[in-house]
Amino acid sequence: MAAQADGRTMISERVAPGMLPRVLGSFDMTIIFVAIVLFIVNSSAIQQAHQAAYTYWILGFLLFLVPGALVTAQLGQMFPQEGSLYVWTQKALGPFWGFFAGFCAWWPGILVMVATGDAVVTIWQFVDNGGLPKAWQQGLVILAVLWFSAFMSMLRLRMTQTYANWAVVFYGAAIFVIGLAGVLFLVGSGHSATGGWGTASNWSIHSGQWTWFGFVILALLGIEVPLNMGVEIVHMRSIKKYLFWGSIVVMFAYLWTTFGTMLALPASKSVGATTDILRAVQVGFWGSHAFAVVIALVLMWFFVSNTVVYNYSFSRLLFVSGLEQRMPRKLGTVDEKTKVPVYAILTQTVLSSLFVVAIFNPWVGGDNNQRAYWLFQAAVTVIWCVSMVLLFADIFLVRRAFPARFDEVRAAHPYLLYASGVIGMLASAFGAYVTFRSPWTSLFSVGHWRIWLGVLCGVSLLAAVVIYAISEYLHHREQPAPTMTPA
């Protein structure tokens, strides 16, 4: 077993610590966690579930977020290396599965950066009613957000992180205001805009609504992403701290904003519009559109900054793949001056830009534009859930391969970690299943949704296999031929 463990030592483990500076503290890691996981517009979309929204949130917290935090704390402290899931799975299962897990964790980031740019467009349209009516205009805004994120990500990490910290602090203030708006509406009117709080059936869930569980899993994905930057952390105690406080903030924020929006607006009339949380602010603050616009501008700033966080944190997975020579070696280099993986950042920004051009252009009709967008976001959920199944499985496999290190770290009792692994794998797999089960939009029939989503996810996962196979072929070609020596 020891020989097997030694065979899974990675190039990046030896090289990355000398290439990247340690600049991230506990607060920085918490900020990254909140920026990645807390996509607050999800509180608008889940209004359609009525009071059952809280049931789904709590199930998501108990079955996915908390188990994920426990397992990530254990794995992150055992192997605090650059690349998180890539490293952990290679330690557990070997090079192929390590790369496959890393690819499944990295690829969704390409598509999520398009989603954050689209959130900027939607909020812009709330601020400027009727603005950006054309798909190509929206595409230009998203491209501007992407390339601003690339510019900021290529600066020194300490400078970029300080900028992100300020953006997330203001974001937190805006989130508090959204929940407060509902409370003010309740106090002022004497009643909630959404009725049925005392009806038990409104809180219950049934098989026809399981798609909401997949949606909640999507809203909570990204637990392990801050540890993509494992060697850039100053103190290892930051791992437990960011997972604890980040999880607390995420749980409170989702419940608080869902509650505030539901108090101010009737959930029965919701169509899941992204801007429901902003309309709730307007209603709760005595019809002041100007005040709602202020909150909208803060959220817009956050989603621009959020794209920056996605860009630099996901680029580390590409950086590790370059060091491991699974992707072009240039991706595994850093700029001499800023000490950040510039080529990895540029590569994923170009890939995201290609998706924007393909979706938001004058030659794609409005319905097709929306179809492609929702299909890609569903693919994000499925592929990311695949990577999370591997993450939860790692807790069992690294225990077998590295028993001494596992016992030395001990983030929680082993039985609790094993239970978290089982529950997390089932929740992740179920989240992927219900995403396939029902369309996220009425623009698809059930059959077409499953076919197109299956094709998109299948091609994405096949790409990981093909890239690995090519890298293996190139490695074998580069190996020197054995020389004959006299007996």
Side-chain angles (χ1 to χ4, degrees), residues 1-20 68 71-109 223-233 239 313-329 331-332 341 344 383-406 408-409 417 421 424-425 428 460-461 463-476:
M1 190 62 68
Q4 182 188 45
D6 291 341
R8 293 174 184 174
T9 300
M10 301 173 68
I11 299 171
S12 59
E13 289 182 81
R14 302 192 305 269
V15 176
M19 300 175 69
L20 302 165
V71 169
T72 299
Q74 179 70 22
L75 295 172
Q77 290 179 106
M78 286 181 69
F79 305 107
Q81 301 296 330
E82 205 78 355
S84 64
L85 184 57
Y86 191 146
V87 176
W88 306 335
T89 308
Q90 177 147 336
K91 294 293 185 184
L93 289 169
F96 169 74
W97 287 107
F99 175 77
F100 184 81
F103 185 90
C104 291
W106 167 73
W107 185 244
I223 302 164
E224 83 293 351
V225 170
L227 287 174
N228 288 348
M229 313 172 78
V231 303
E232 296 167 83
I233 303 172
I239 295 174
S313 57
F314 278 84
S315 71
R316 270 47 178 186
L317 287 168
L318 204 56
F319 168 70
V320 170
S321 72
L323 288 177
E324 297 299 320
Q325 299 173 23
R326 299 300 173 189
M327 296 271 202
R329 294 181 184 181
L331 299 176
I383 297 168
W384 213 336
C385 279
V386 169
S387 75
M388 293 304 293
V389 169
L390 290 168
L391 181 144
F392 286 112
D394 285 346
I395 199 66
F396 302 99
L397 299 167
V398 297
R399 170 68 177 85
R400 184 183 63 180
F402 302 90
R405 190 179 295 189
F406 187 94
E408 180 185 346
V409 169
L417 291 172
M425 280 192 290
S428 301
S460 298
L461 298 178
V465 177
V466 170
I467 292 170
Y468 182 85
I470 292 172
S471 70
E472 280 291 281
Y473 172 73
L474 294 176
H475 286 175
H476 289 309

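Since the model is a prediction, treat every value here as computed from it, not as a measurement. Along the sequence shown, the residues carry numbers beginning at 1.
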Check your understanding: Any salt bridge between R329 and E324, counting N to O under 4.0 Å?
Key -> no
Point to revise | Separation between CZ of R326 and CZ of F100, rounded to the nearest 0.5 Å | key: 14.5 Å
Revision key, fill the gap. So CZ of R316 and OG of S84: to nearest 0.5 Å the spacing works out to 12.0 Å
Check your understanding: How far does CD of Q74 sit from CD1 of I239, to the nearest 0.5 angstrom?
Key -> 10.5 Å
Check your understanding: Quick one: CE on M19 to OG on S12, what's the gap to the nearest 0.5 Å?
Key -> 10.5 Å
Exercise for review: Could you tell me whether a side-chain N or O of W384 sits under 3.5 Å from a main-chain N or O of C104, the two making a donor and an acceptor?
Suggested key: no
**Study point:** Residues that P17 engages under side chain to side chain contact (heavy atoms under 4.5 Å, CB included), provided they are two or more places apart
**Key:** Q81, V231
Check your understanding: Side chains of L318 and F314: closer than 4.5 Å at any heavy-atom pair?
Key -> no
**Study point:** Minimum side-chain heavy-atom gap Y86-W106 below 4.5 Å
**Key:** no
Review point. Can you name the closest pair of heavy atoms from F392 and G421 and give their distance?
Key: CB-O, 3.4 Å
**Study point:** Interatomic spacing from CE in M10 to NZ in K91 - rounded to 0.5 Å
**Key:** 7.5 Å
**Study point:** Worked check of side chain to side chain contact (heavy atoms under 4.5 Å, CB included) between I11 and V320
**Key:** CA-CA 9 Å; I11 299 171; V320 170; over 6 Å; no
Check your understanding: Going by heavy atoms in the side chains, are W88 and T72 under 4.5 Å from each other?
Key -> yes
Review point. Can you say whether the rings of Y468 and F96 are parallel (under 30°), tilted (30 to 60°) or perpendicular (over 60°)?
Key: perpendicular
Practice item. Go through the steps for F406 and R400 under the test side chain to side chain contact (heavy atoms under 4.5 Å, CB included), then give the verdict. Key: CA-CA 9 Å; F406 187 94; R400 184 183 63 180; over 6 Å; no
Check your understanding: Quick check: does any side chain N or O of N228 sit under 3.5 Å from a backbone N or O of S313, one acting as donor and the other as acceptor?
Key -> yes
Check your understanding: Rounded to the nearest 0.5 Å, what separation is found between the CG atom of L227 and the CG atom of L75?
Key -> 9.5 Å
Point to revise | Between T89 and W97, a side-chain donor and acceptor under 3.5 Å | key: no
